[in-house]
Amino acid sequence: MKSLCVPTVLALFAAGGAFARADEVRLEDGSLIRGKIRGITENVLTVEPDFAKGAFKIDMAKVENFSTDEAIFMTTSSGATFHGVVVPGFGSSVSISSLHGIAAAGTPEVAELWREGDPSPAERALKSKERRWNFTIDAGFTGTSGTTDFAQMLFGFNAYNSGPYDKLVLAASFRYSETNGEKSQDNLHLIADYEDKFYAPMQWYARTDNGYDKIARQNFFTTSALGLGYGIVDRKNWAVNFRLGAGFRYESYEEDAMIEDVSTPTGDVELNNRYEADFGTLYNKINYSPSLDDPRGNYVLTHESYFETAYYENKVGIRIGMSNVYNSIVAEGNRHLDSTFYVKLVFKIK
């Protein structure tokens, strides 16, 4: 950080006050963006331009200099923090007047910037490590009338409790449908899933899925598993995880199902993928749960894929997806594979 003589800085401020009525960002290619600078963090400048809605993110390597029309907080790479109005310097530099005096810095030296009233990057980083709950509620309805009468209802609830290294998911889903007056779907799932990534990319996890399925003639079922996982990809917007563990599966059938109850130790193999982009979220999960006593003749294979768009500042979404459950052991008259296609409205509460 270099000190400037007072006349030079006063001239710079005078020039800035004469022409700038908004923040300005000048790029290395000569382009000038006027608007509101929201902040600088991790070598990225975020600005809301006057000519468009929303914010632009610009790599600081492409920024020659910038200015603000009001006082802001700025931290340099040396760790010094200043509070004042920023004006562009000569070439790739900026100047700021603060309680520490009048000083200048090369644009590449600017590490962080935030506005008055906004949390600093350090405060945001600390808050991101706090445990917090997020909730989603989803519902879907489908119906047809005519040659075939069909009605379907789908309800779901999810609660997420996240920390810096772990995540707990509590979920409930209910599906009910009728075809020509007869039930064709009636099941409930109550799920708990805990994942610890303290030694990332290695993980350990525990999960359980409990409920009933009247069409499969299951009065009650439960599947539990415990094991290790590995984060193949772990980015802010993209995560791919592989799990391998062991567990237990129990299925209690109705008396007229002509099948014995299932009670067996199992393996647990899972691959899941979640990708978040500006246009929406893509999610895929496949799980294989074979009996350790008879892995070829007794197993359950589940799959789910969906695409979810976001609206109203990511508070409401539309989810389009499908799920499949293949059970190698089924009641008499039932099929091994059940598939569900759905469209849901998702409400997010934070």
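The first residue in the sequence is number 1, and the count goes up from there. The analysis underlying the following values was restricted to heavy atoms, covering all of them including side chains, and did not include hydrogens, waters or symmetry mates.
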Heavy-atom donor-acceptor pair, Glu182 side chain to Thr179 backbone, under 3.5 Å: no
Asn241 side chain to Glu270 side chain, donor-acceptor N/O pair below 3.5 angstrom: no
Side chains of Arg249 and Asn298, donor plus acceptor under 3.5 Å: yes
Residues Asp196, Lys167: salt bridge by 4.0 Å N-O rule: no
Rounded distance [0.5 Å steps], CD1 in Ile329 versus OG in Ser291: 7.5 Å
Whether Phe73 and Trp114 hold their rings parallel, tilted or perpendicular, with breakpoints at 30° and 60°: parallel
Note: Lys348-Asp138 ion pair, threshold 4.0 Å (strictly below): no
Asn65 side-chain N/O to Gly91 backbone N/O, donor-acceptor pair under 3.5 Å: yes
Side-chain (Asn314) to main-chain (Tyr311) donor-acceptor, under 3.5 angstrom: no
Tyr312 six-ring face occupied by Lys315 cation (under 6.0 Å, within 45°): no
Side chain Arg124, main chain Pro119, donor-acceptor under 3.5 Å: yes
Salt-bridge contact Arg131-Asp166 (side-chain N to carboxylate O under 4.0 Å): yes
Side chain to side chain contact (heavy atoms under 4.5 Å, CB included), paired with Phe66, selected from Val110, Asp23, Val47, Ile58: Val110
Result block: side-chain N/O donor-acceptor pairs under 3.5 angstrom for residues 212-228, not counting sequence neighbours:
{"from": "Asp213", "atom 1": "OD1", "to": "Ile215", "atom 2": "N", "distance (Å)": "3.2"}
{"from": "Asp213", "atom 1": "OD1", "to": "Ala216", "atom 2": "N", "distance (Å)": "3.2"}
{"from": "Arg217", "atom 1": "NH1", "to": "Asp256", "atom 2": "O", "distance (Å)": "3.2"}
{"from": "Arg217", "atom 1": "NH2", "to": "Glu332", "atom 2": "O", "distance (Å)": "3.4"}
{"from": "Gln218", "atom 1": "NE2", "to": "Tyr253", "atom 2": "OH", "distance (Å)": "3.3"}
{"from": "Thr222", "atom 1": "OG1", "to": "Asn210", "atom 2": "OD1", "distance (Å)": "2.4"}
{"from": "Ser224", "atom 1": "OG", "to": "Thr208", "atom 2": "OG1", "distance (Å)": "3.2"}

Short side-chain donor-acceptor distance under 3.5 Å, Asn284 and Asn272: no
Aromatic ring pairing Phe174/Tyr176, orientation class (parallel under 30°, perpendicular over 60°, tilted between): parallel
Exam field: side chain Ser328 to backbone Tyr299, donor-acceptor pair closer than 3.5 Å: yes
Carboxylate-amine/guanidinium proximity below 4.0 Å for Arg115 and Glu70: yes
Shortest non-hydrogen contact between Pro295 and Tyr288, atoms and distance: O-OH, 3.6 Å
Any donor-acceptor pair under 3.5 Å from Thr41 side chain to Pro121 backbone: no
Tyr205 and Asp268 side chains, donor-acceptor separation under 3.5 Å: yes
Short side-chain donor-acceptor distance under 3.5 Å, Thr107 and Ser92: no
Charged N-O contact under 4.0 Å between Lys62 and Asp59: no
Pair Glu276 + Arg274, salt bridge at N-O below 4.0 Å: yes
Salt bridge (Lys or Arg N to Asp or Glu O under 4.0 Å) assessment of Lys36 paired with Glu48: CA-CA 5 Å; Lys36 181 73 72 175; Glu48 295 176 349; over 6 Å; no
Donor-acceptor contact present, side-chain Ser177 to main-chain Gln185, <3.5 Å: yes
Nearest heavy-atom neighbours spanning Val330 and Ile259: O-CD1, 3.4 Å
Reference residue Ser323; test side chain to side chain donor-acceptor pair (under 3.5 Å); the match among His303, Arg175, Glu304: Arg175
Which atom of Phe155 lies closest to which atom of Ala139, heavy atoms considered: CD2-CB, 4.1 Å
